[in-house]
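Just so it is clear, the structure is predicted and the values come from calculations on it, not from any experiment. Order of the sequence lines sets the chain letters (A, B, ...), proteins ahead of strands, with each chain counted from 1.
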Protein chains: 2
Amino acid sequence: MDTLPQGTPARRRPGRPRKADSGDTKAEITRAAVRLFARHGFTGTSTRAIAREVGLSESALYAHFTSKQALFEAALARFGPQGSTDSHTAIASMLAETDPPRFLAKMVSDFLEHWDREEARLLISLVTRDGLMHSDALRTALVGMRAYVTSLFDDWLAAGWLPAHLGPAERLAFSFTGPIGLARVMHLHADATPEERTQARADVLQHVELFTSVTFNADHKE
Amino acid sequence: MDTLPQGTPARRRPGRPRKADSGDTKAEITRAAVRLFARHGFTGTSTRAIAREVGLSESALYAHFTSKQALFEAALARFGPQGSTDSHTAIASMLAETDPPRFLAKMVSDFLEHWDREEARLLISLVTRDGLMHSDALRTALVGMRAYVTSLFDDWLAAGWLPAHLGPAERLAFSFTGPIGLARVMHLHADATPEERTQARADVLQHVELFTSVTFNADHKE
DNA sequence: ATTATCTATAGATCTATAGATAATGC
DNA sequence: ATTATCTATAGATCTATAGATAATGC
């Protein structure tokens with residue numbers, strides 16, 4: 001009656017594994033750690049649980065990482081907020097000058113695609129479990145996006161795409177990015193159902209449409 | 001050299017305390033628990049730490065709460081999301097019919113005041129630490145606010161305060177409440193500096209102003 | 001010799017309970 | 001007798017280390 005818990009890989013044999021069996025253990029550990037940290041938090045996840053998930057003994061973990069904290073940091077660095085403002089292709093940047101509303105829609109939809117991937121969603125779950133929500137890392141990521149949008153709006157205000165009476169670009173960026181950031185944090189996490197995620201993405205795109213329709217000049221001439 | 005950690009009350013004497021010394025221990029425990037849970041998370045907070053904070057032995061805690069989980073739930077119930085849609089006074093509801101933009105500004109500023117109080121901020125910290133962020137409790141609270149705003153917008157669309165071409169009330173509510181919710185979650189938490197909180201409140205109020213200025217009909221006649 | 005694993009275990013916590021003690025209120 | 005506390009401790013679990021073992025690659 002000695003049934004192993006589901007999904008638990010068999011214990012490995014003692015000694016160094018045969019060449020054929022050797023994978024990238026360090027990466028395996030990191031992946032498992034992120035999953036567990038995201039689900040149970042840092043203190044809620046034991047090194048034992050991580051080891052079991054990978055089919056290792058606890059001590060083998062310490063051959064790869066000097067401490068639980070070091071493992072957490074490696075996990076965060078691996079899955080952490082990438083500075084993904086690299087959607088700035090040549091085509092996109094042309095669009096920014098000829099059709100700002102379409103540019104924004106494209107940009108946000110690119111972000112959504114990125115945030116909807118499992119790695120990005122694990123990060124959100126991680127961050128909302130371990131008090132990292134209010135850490136500098138996340139704040140920087142969010143403020144970074146707002147700063148980028150602010151600079152875009154500044155250009156568009158100068159070029160007359162946006163009427164000056166709407167006020168400074170920062171205010172516009174706050175109202176524009178707010179619903180997007182909230183949707184990400186609330187609905188694009190590891191445990192969100194596909195339906196919830198689909199709904200969130202649709203809501204965000206409609207927000208972009210509404211925002212651009214009420215702010216941008218309809219009759220702009222270059 | 002036996003210096004006690006700062007803020008640690010002296011151990012109480014054995015036996016039932018004198019009448020003069022007896023306070024509301026249960027409430028004291030709950031308060032301390034919320035503070036610690038908010039700062040270190042559920043598993044990151046030991047019953048020992050809570051007991052020490054109140055100046056009790058660990059076992060005295062178990063006379064008041066049957067388990068750590070029960071204590072956590074009591075804390076959450078005590079400080080949990082109150083259904084504070086009771087800003088619906090008679091005066092406010094009159095404003096809703098005569099001056100929607102002013103009504104919205106007043107409503108949001110009331111919410112901000114409530115959310116800026118320490119109890120409300122402790123709740124945010126709690127929720128962003130223990131995976132409660134994506135719990136039904138918080139989702140319901142957020143969706144609840146959106147639903148309320150949606151019903152307001154519906155009325156105002158029907159009365160002609162808002163032009164029909166902006167689309168359904170839900171979309172308006174999403175764009176309106178998004179930045180407000182994000183600001184609360186990101187900036188109105190237990191560890192936020194007064195400056196950060198002031199900035200957040202100001203940002204939110206400016207968002208409300210921007211939103212109403214670009215959506216509401218300037219020339220509405222009753 | 002080095003690398004990647006194992007088994008065994010030290011030492012620190014952690015939750016929760018048993019049983020003693022001292023005040024209260026009838 | 002009841003209430004509110006204490007001291008002491010059981011039993012589980014957690015992080016981390018020491019030392020053994022078996023494969024690899026020179």
Side-chain angles (χ1 to χ4, degrees), chain A residues 2 4-5 8-33 36-37 39-75 129-130, chain B residues 2 4-5 8-33 36-37 39-75 129-130:
Chain A
D2 214 307
L4 284 170
T8 302
R11 275 260 151 151
R12 305 187 184 192
R13 308 181 354 157
R16 182 171 183 165
R18 290 215 179 72
K19 207 179 177 184
D21 302 345
S22 83
D24 190 347
T25 307
K26 194 159 186 164
E28 265 181 72
I29 297 172
T30 312
R31 259 197 305 277
L36 292 172
F37 284 142
R39 200 169 299 271
H40 306 113
F42 180 76
T43 41
T45 302
S46 64
T47 52
R48 191 162 304 180
I50 298 168
R52 186 163 9 109
E53 183 96 350
V54 193
L56 282 178
S57 71
E58 291 139 81
S59 54
L61 236 61
Y62 284 89
H64 294 277
F65 300 94
T66 58
S67 69
K68 188 187 178 186
Q69 187 63 36
L71 172 49
F72 183 80
E73 275 153 25
R129 286 223 63 125
D130 281 296
Chain B
D2 214 306
L4 285 170
T8 301
R11 275 261 153 152
R12 305 186 184 192
R13 308 180 356 154
R16 183 170 183 165
R18 290 213 180 73
K19 207 177 174 184
D21 302 347
S22 83
D24 190 347
T25 307
K26 193 159 189 165
E28 265 182 72
I29 297 172
T30 312
R31 258 196 306 277
L36 292 172
F37 284 141
R39 199 168 300 270
H40 306 113
F42 181 76
T43 42
T45 302
S46 65
T47 52
R48 190 161 304 180
I50 298 168
R52 190 167 1 115
E53 183 96 352
V54 193
L56 281 180
S57 71
E58 291 137 83
S59 54
L61 236 61
Y62 283 88
H64 293 276
F65 299 93
T66 59
S67 69
K68 188 187 180 188
Q69 186 64 35
L71 173 49
F72 182 79
E73 275 154 26
R129 286 223 64 123
D130 280 296

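The interatomic distance linking A/Glu58 (CD) with D/dA18 (C1') rounds to 15 Å, in whole Å. Between the CG atom of B/Asp24 and the C1' atom of D/dT3 there is a distance of 14 Å, given to the nearest Å. Rounded to an integer number of Å, the gap from NZ of B/Lys26 to P of D/dT3 is 13 Å. Between A/Leu56 atom CG and D/dA16 atom P there is a gap of 16 Å when expressed in whole angstrom units.
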Worksheet item: How would DNA chain D look in dot-bracket form, 5' to 3', counting Watson-Crick and G-U wobble pairs with both distances under 3.5 Å and writing | for bases paired to another strand?
Response: ||||||||||||||||||||||||..
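Shown for residues 62-72 of chain B: residues whose heavy atoms fall under 4.0 angstrom of DNA chain D, namely B/Ala63, B/His64. Non-hydrogen atoms lying under 4.0 Å from DNA chain C are contributed by B/Thr45, B/Ser46, B/Thr47, B/Arg48, all within residues 40-49 of chain B.
Annotation for B/Thr30 and B/Ala75: closest pair CG2-CA, 3.6 Å, computed over non-hydrogen atoms.
For A/Ala70, the side-chain contact (heavy atoms from CB on, under 4.5 Å) partners are A/Thr66, A/Ser67, not counting sequence neighbours. Not counting sequence neighbours, the partners of B/Phe42 by the ring pair (Phe, Tyr, Trp, His ring centres under 6.0 Å) test are B/Phe37, B/Phe72.
Between the CG atom of A/Leu71 and the CZ atom of A/Phe65 there is a distance of 5.0 Å, given to the nearest 0.5 Å.
Contact annotation: side chain of A/Ser59 to base of C/dT7, donor-acceptor pair present below 3.5 Å.
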Give the table of side-chain donor-acceptor pairs shorter than 3.5 Å for residues 43-50 of chain A, with sequence neighbours excluded, one pair per line with atom names and distance.
residue	atom	partner	partner atom	Å
A/Thr43	OG1	B/Thr43	OG1	2.9
A/Thr43	OG1	B/Gly44	N	3.3
A/Thr45	OG1	A/Leu36	O	3.1
A/Thr45	OG1	A/Gly41	O	2.8
A/Ser46	OG	A/Ala49	N	3.0
A/Arg48	NE	A/Glu58	OE1	2.9
A/Arg48	NH2	A/Glu58	OE1	3.2

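For B/Arg129 (side chain) and A/Asp130 (main-chain N/O), a donor-acceptor pair under 3.5 Å exists by modelled atom type.
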